[in-house]
Amino acid sequence: MSNKERIIRLKTVLTRTGLSRSTLYRKIGEGTFPRQVPISVHGTGWHESAVDRWIADPMSYREDRAE
């Protein structure tokens, strides 16, 4: 697994993006931020590479619904 395929947790995502928790989840619902991936029964995280793509161009990001 490459470094960019790391799974990062909510606290890290909020710190890196500067978004609030409620804004993050609103954007996920709109499809303008990457969805979480399950990492355990009650835990989720985000692929670091997907978050990096959003950070690089947040205005143009649209979720690929085919994933």
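Predicted model, so just to flag it, every value in this text is computed and none were measured.
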Kindly compute the distance separating CG (L24) from CD (Q36), expressed to the nearest 0.5 Å.
7.5 Å
Does any N or O in the side chain of R9 come within less than 3.5 Å of the main-chain N or O of T44, such that one atom is a donor and the other an acceptor?
yes
Spacing of H47 atom NE2 and R35 atom CZ [to the nearest 0.5 Å]:
13.5 Å
Does the plane of the ring in W46 sit parallel, tilted or perpendicular to the ring in F33? Use 30° and 60° as the thresholds.
perpendicular
Separation between CG (L10) and OG1 (T15), nearest 0.5 Å, reads 9.0 Å
Nearest-0.5 Å distance, CD1 of residue I8 to CG of residue D52
7.0 Å
If I take atom CD1 from residue I7 and atom OG1 from residue T12, how far apart are they, to the nearest 0.5 angstrom?
12.0 Å
CZ/R21: more than 12 non-hydrogen atoms of other groups inside 6.0 Å
no
Any idea which heavy atoms bring P34 and A50 closest together, and the distance?
CG-O, 3.5 Å
Please report the interatomic distance CH2(W54) to NZ(K27), rounded to the nearest 0.5 Å.
6.0 Å
